[in-house]
Amino acid sequence: MTEIILTQVPIDIHYGINAVMDPAAGGIDVFIGTVREQTKGKRVLRLEFEAYEKMAVSELAKITAAAFAKWPLLKVVVHHRTGILAVGETAVAIAVSAAHRDAAFEACRFIIDTLKQTVPIWKKEVFEDGEVWVAAHP
Amino acid sequence: MTEIILTQVPIDIHYGINAVMDPAAGGIDVFIGTVREQTKGKRVLRLEFEAYEKMAVSELAKITAAAFAKWPLLKVVVHHRTGILAVGETAVAIAVSAAHRDAAFEACRFIIDTLKQTVPIWKKEVFEDGEVWVAAHP
Amino acid sequence: MGSIMKITVIAFGVAREIFGAGSIETELYTDASVGTLRNLLEQKYPRLGDLASYMIAVNSEYAEPNIVLAASDEVAIIPPVSGG
Amino acid sequence: MGSIMKITVIAFGVAREIFGAGSIETELYTDASVGTLRNLLEQKYPRLGDLASYMIAVNSEYAEPNIVLAASDEVAIIPPVSGG
């Protein structure tokens with residue numbers, strides 16, 4: 001089972017965890033990415049996430065399919081937020097269940113690492129004195 | 001911040017996650033160990049967890065202190081259940097927050113791996129036709 | 001050869017700001033490739049060349065420069081991603 | 001030397017079942033070590049020797065065989081752990 005959701009409303013972490021629970025599961029790993037109050041010493045007022053939604057969903061589906069091919073997994077849920085996020089809010093939540101914890105940990109790590117490399121979602125950091133699209137410039 | 005709890009009542013995963021949330025956090029990793037319906041092909045009716053509570057708490061405190069020494073962490077919560085657990089119930093929940101995800105993932109993995117090696121908690125698997133203390137015999 | 005097609009290019013993040021719009025239209029020869037489109041866009045919008053990198057997606061798939069475009073394609077500029 | 005002390009040994013998991021109780025009392029010379037206690041318990045409860053391994057904890061700390069015991073110590077048998 002795979003569930004991929006982009007949402008403009010706050011992510012319900014508990015929904016994702018409950019969704020990957022399974023009588024065959026021994027281990028569940030959950031990654032939650034939250035908005036940090038500062039980056040490189042500068043105070044962050046908010047983040048703005050923008051997604052090419054159709055392609056973001058299809059790239060996420062490729063990543064989760066690759067994870068299922070690589071590890072014996074039971075269920076995977078990936079939620080990514082879009083729009084304006086305040087400090088402390090959840091930007092992404094990934095929940096992975098498996099019979100054994102090795103697979104759950106490794107697959108969850110793989111999914112967030114690959115998401116950050118290939119999924120067309122962009123983050124703008126807004127500071128008191130300006131804003132910057134993260135990673136846009138060398 | 002470290003919180004270590006052994007509990008005879010169901011573990012509230014959300015409590016642990018909320019407790020490690022932090023404005024300085026960029027990544028939170030959560031591990032949840034749940035009771036599997038079968039082990040080595042045999043159907044599990046229930047698990048019974050027994051703890052040497054005082055020492056379990058002190059060994060867990062050593063593990064979390066070692067994790068704080070090894071990685072730049074913000075908050076760690078470890079909850080372990082004792083008593084009788086049905087299939088699907090949560091036996092352990094570990095939540096770790098850090099500024100960056102590498103530390104959160106690695107520390108969470110370290111805590112569950114070390115917990116399974118050193119913390120005096122014992123699990124009895126109860127089957128239809130008998131029961132066994134896990135790992136007791138070669 | 002010689003025939004002209006109109007391609008709509010959608011843009012996100014910093015590319016949307018460089019274009020000053022969520023999408024632009026551009027004219028290309030009908031056998032134009034993704035590489036041709038890149039060159040054309042970089043001439044028109046030199047700030048694209050200042051990016052750390054960027055990709056072009058055709059119909060929601062990352063497209064190599066040799067891919068040939070059709071007027072019906074959904075073409076998008078993908079500046080460096082930063083989700084998660 | 002020669003003086004006798006009573007040690008209470010608490011037991012968990014499979015060790016509790018081997019003892020048939022959550023704790024037992026045993027008599028040891030006052031300079032007895034953890035290793036001496038192990039030998040004595042294995043003679044009295046041969047099934048302890050069938051375990052994959054077991055440790056002895058003294059005052060909630062894993063104790064090496066050379067540690068000397070005192071009557072006031074909290075001594076526990078720790079069969080192979082299986083939490084998590």
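Residue numbers begin at 1 in each chain, while the letters A, B, ... track the order of the sequences.
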Q) Would B:Phe31 and A:Phe105 count as a ring pair (Phe, Tyr, Trp, His ring centres under 6.0 Å) if you check the C-alpha gap in whole Å, the side-chain angles of each, and the deciding distance to 0.1 Å? A) CA-CA 8 Å; B:Phe31 176 75; A:Phe105 269 109; 5.3 Å; yes

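Atom-to-atom distance recorded for A:Ile17:CD1 and B:Ile32:CD1 is 4.0 Å, nearest 0.5 angstrom.
With A:Pro23 as reference, B:Val87 is the one residue of B:Val87, B:Val44, B:Val35 to meet the side-chain contact (heavy atoms from CB on, under 4.5 Å) rule.
Your options are A:Cys108, A:Ala104, A:Ala95, and the one with the most heavy-atom pairs under 4.5 Å with chain B is A:Cys108.
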Across chain B and chain A, going purely by atom type as modelled, what donor-acceptor pairs are there at a distance under 3.5 Å?
residue: A:His14; atom: ND1; partner: B:His14; partner atom: ND1; Å: 2.9
residue: A:Pro23; atom: O; partner: B:Glu37; partner atom: N; Å: 2.7
residue: A:Ala25; atom: O; partner: B:Thr34; partner atom: OG1; Å: 2.9
residue: A:Gly26; atom: O; partner: B:Thr34; partner atom: N; Å: 3.1
residue: A:Ile28; atom: N; partner: B:Ile32; partner atom: O; Å: 2.8
residue: A:Ile28; atom: O; partner: B:Ile32; partner atom: N; Å: 2.8
residue: A:Val30; atom: N; partner: B:Val30; partner atom: O; Å: 2.8
residue: A:Val30; atom: O; partner: B:Val30; partner atom: N; Å: 2.8
residue: A:Ile32; atom: N; partner: B:Ile28; partner atom: O; Å: 2.8
residue: A:Ile32; atom: O; partner: B:Ile28; partner atom: N; Å: 2.8
residue: A:Thr34; atom: N; partner: B:Gly26; partner atom: O; Å: 3.0
residue: A:Thr34; atom: OG1; partner: B:Ala25; partner atom: O; Å: 2.9
residue: A:Glu37; atom: N; partner: B:Pro23; partner atom: O; Å: 2.7
residue: A:Arg101; atom: NE; partner: B:Asp113; partner atom: OD1; Å: 2.9
residue: A:Arg101; atom: NH2; partner: B:Asp113; partner atom: OD1; Å: 2.8
residue: A:Asp102; atom: OD1; partner: B:Arg109; partner atom: NH2; Å: 2.8
residue: A:Arg109; atom: NH2; partner: B:Asp102; partner atom: OD1; Å: 2.8
residue: A:Asp113; atom: OD1; partner: B:Arg101; partner atom: NE; Å: 2.9
residue: A:Asp113; atom: OD1; partner: B:Arg101; partner atom: NH2; Å: 2.8

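Both the backbone and the side chain of A:Ala99 come within less than 4.5 Å of a heavy atom of chain B.
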